[in-house]
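Naming convention: chains lettered A, B, ... in sequence-line order (proteins, then strands); numbering from 1 in each chain.
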Number of protein chains: 2
Amino acid sequence: MSGHTQTALQLQPVQAQPANARKPLPPSVAGLNLLENLGVSIVVRRDQEIYGQDDPAEYYYQVISGSVRTVKLMADGRRQVSEFLLPGEVFGFDALDRYDFAAEALEDALVRRYPRRRVEALAGQDAALSQRLRQLMNAKLRQAHDRMLVLGRMTASERIASFLLQLADRAAGPIELAMSRRDIADYLGLTIETVSRTLTMLKADGTIRMFKKCRLEIRNRAALEAMASERRH
Amino acid sequence: MSGHTQTALQLQPVQAQPANARKPLPPSVAGLNLLENLGVSIVVRRDQEIYGQDDPAEYYYQVISGSVRTVKLMADGRRQVSEFLLPGEVFGFDALDRYDFAAEALEDALVRRYPRRRVEALAGQDAALSQRLRQLMNAKLRQAHDRMLVLGRMTASERIASFLLQLADRAAGPIELAMSRRDIADYLGLTIETVSRTLTMLKADGTIRMFKKCRLEIRNRAALEAMASERRH
DNA sequence: CGAGCACTTGAAAGATTTCAAGTCCAGTGG
DNA sequence: CCACTGGACTTGAAATCTTTCAAGTGCTCG
């Protein structure tokens, strides 16, 4: 519980992101720069809650460094993870009034938050911003739809494979599995045992390789891609 | 393949919906009236495609009468139904550029469509409309999130139960199951056999009752509600 | 009245989950 | 510096829920 990636508030446009060598940043991010002066950066520590499920939705967020998960809990403890968010990605848009999901830091992280009300007020005057917001939301909706297919119609192997590919596409370089097996399981609608077994299988046949505890490398992308869309087993 | 519910184009605001005794109409609808003059009504027949998966997204839609499903197909034929849309509800918002899902009429239906470009242009000038659009999208996003929990973490019985309750809440009066077992199965991430068996079970213990072929009545709402959130069987 | 399709039902096969031990580390304390 | 403790992860075996495969059944449309 010490030493965050960065401590100072970071007010520069997110475009400049020298820390880790990420891709050019997802297109989804751009527009938020219009209101960079509204943003305030916040440091959160591993497993710390950024906002709670059903909290009034007062801010939009963007990850600057570290990573975040959004989760929903059922009364009996079953859990669903909605998203894993990497640097540059935005969250907190799933809110009409109150947040649908809670947001928690996967690891020590720096996030930037923008007051909802003011952003929306601004959007009322700025057509470009307004459209940008709609696009961001659209992107979220599309992702949610893709998840439906995964959760509703894919086998365990397919889910794991597409999950790894998705991570690989978002994070340049080796994948950092900052999330626990439980997080992955709750993201994919599986149990931790099934996740573990499938990962073990992939390690055994040389499709992936893991170092340390959470650094993962894809050694045979083709195999993963085949596995991601393979009917039954 | 004959006799639509209504043949003439219907240009009145959707508020007036005398045909079947529906609820006051979901709140999600309201805002679209701002651009009633942009809308054009279209008649579609049972199983007819309104737009295809990956078609360029040129219109936003609203159901006037009848009902609609949105579906996505995987290469190997697996299918996921995203939504069942009842009168008053809107669709075609899941589009950045091209539609994520195809939309097909569940039964002969009348839908109203609004040119995307023009609506968005209008939204650029009209803050209220812009916000309304964002709210509609938000509502869709929230629904998608709820589906995630259903698809990722619920048992077959829970899925069926919550599906029936959801339908009951949207359609006042007895539920009309305009969709086939296959549609329901693909909506809930189950097989038609499982859907059929579960429904049979519910009929057997008197929780629901079915007439004709698609009219369904909930006779024991409490039982359904219990079943909708019951861990394991 | 017959054909075809949707739905139901039964039995067997499977894929995941559940239950139960292990194993592996990281952080702690001796 | 090294053994120890707790939590996360892995692995194995049995239990289960769903699916798959296979017939029925019943309706609707010609």
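- Between B:Asp54 and B:Arg98 there is no salt bridge, since no side-chain nitrogen of the basic residue lies less than 4.0 Å from a carboxylate oxygen of the acidic one.
- The cationic atom of B:Arg112 (NZ for Lys, CZ for Arg) does not lie both less than 6.0 Å from the six-membered ring centre of B:Tyr59 and within 45° of the ring axis.
- Listed by chain and residue number, B:Tyr51 satisfy the ring-ring contact (aromatic ring centres under 6.0 Å, His included) test with B:Tyr99 (two or more places apart in sequence, or in another chain).
- We find that CG of B:Leu202 is positioned 16 Å from C1' of C:dC7, with the value rounded to whole Å.
- Judged purely by atom type and a 3.5 angstrom limit, B:Arg69 has no side-chain atom pairing as donor or acceptor with the backbone of B:Glu104.
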> Could you write nucleotides 7-13 of chain D as a row of B, S and -, 5' to 3', where a protein heavy atom under 4.0 Å of any base atom gives B, of only sugar-phosphate atoms gives S, and otherwise -?
Replying inline: --SBBBB
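- Rounded to an integer number of Å, the gap from A:Asp186 CG to C:dT16 C1' is 15 Å.
- For A:Thr207, the side chain to side chain contact (heavy atoms under 4.5 Å, CB included) partners at least two apart in sequence or on another chain are A:Leu202, A:Asp205, A:Asn220, A:Ala223, A:Leu224.
- Rounded to a whole Å, the CG atom of B:Leu190 is 11 Å from the P atom of D:dT20.
- We find that CE of A:Met154 is positioned 17 Å from P of C:dA15, with the value rounded to whole Å.
- When rounded to the nearest whole Å, the span between CG of A:Leu151 and P of C:dT16 equals 13 Å.
- Here B:Phe84 contributes atom CZ and B:Met179 contributes atom CE; the two are 4.5 Å apart, rounded to the nearest 0.5 Å.
- Separating the CE atom of B:Met201 from the C1' atom of D:dT18 is a distance of 14 Å, rounded to the nearest angstrom.
- When rounded to the nearest whole Å, the span between CG of A:Leu177 and P of C:dC25 equals 16 Å.
- In this structure, B:Ile160 places its CD1 atom 11 Å from P of C:dT8, rounding to the nearest Å.
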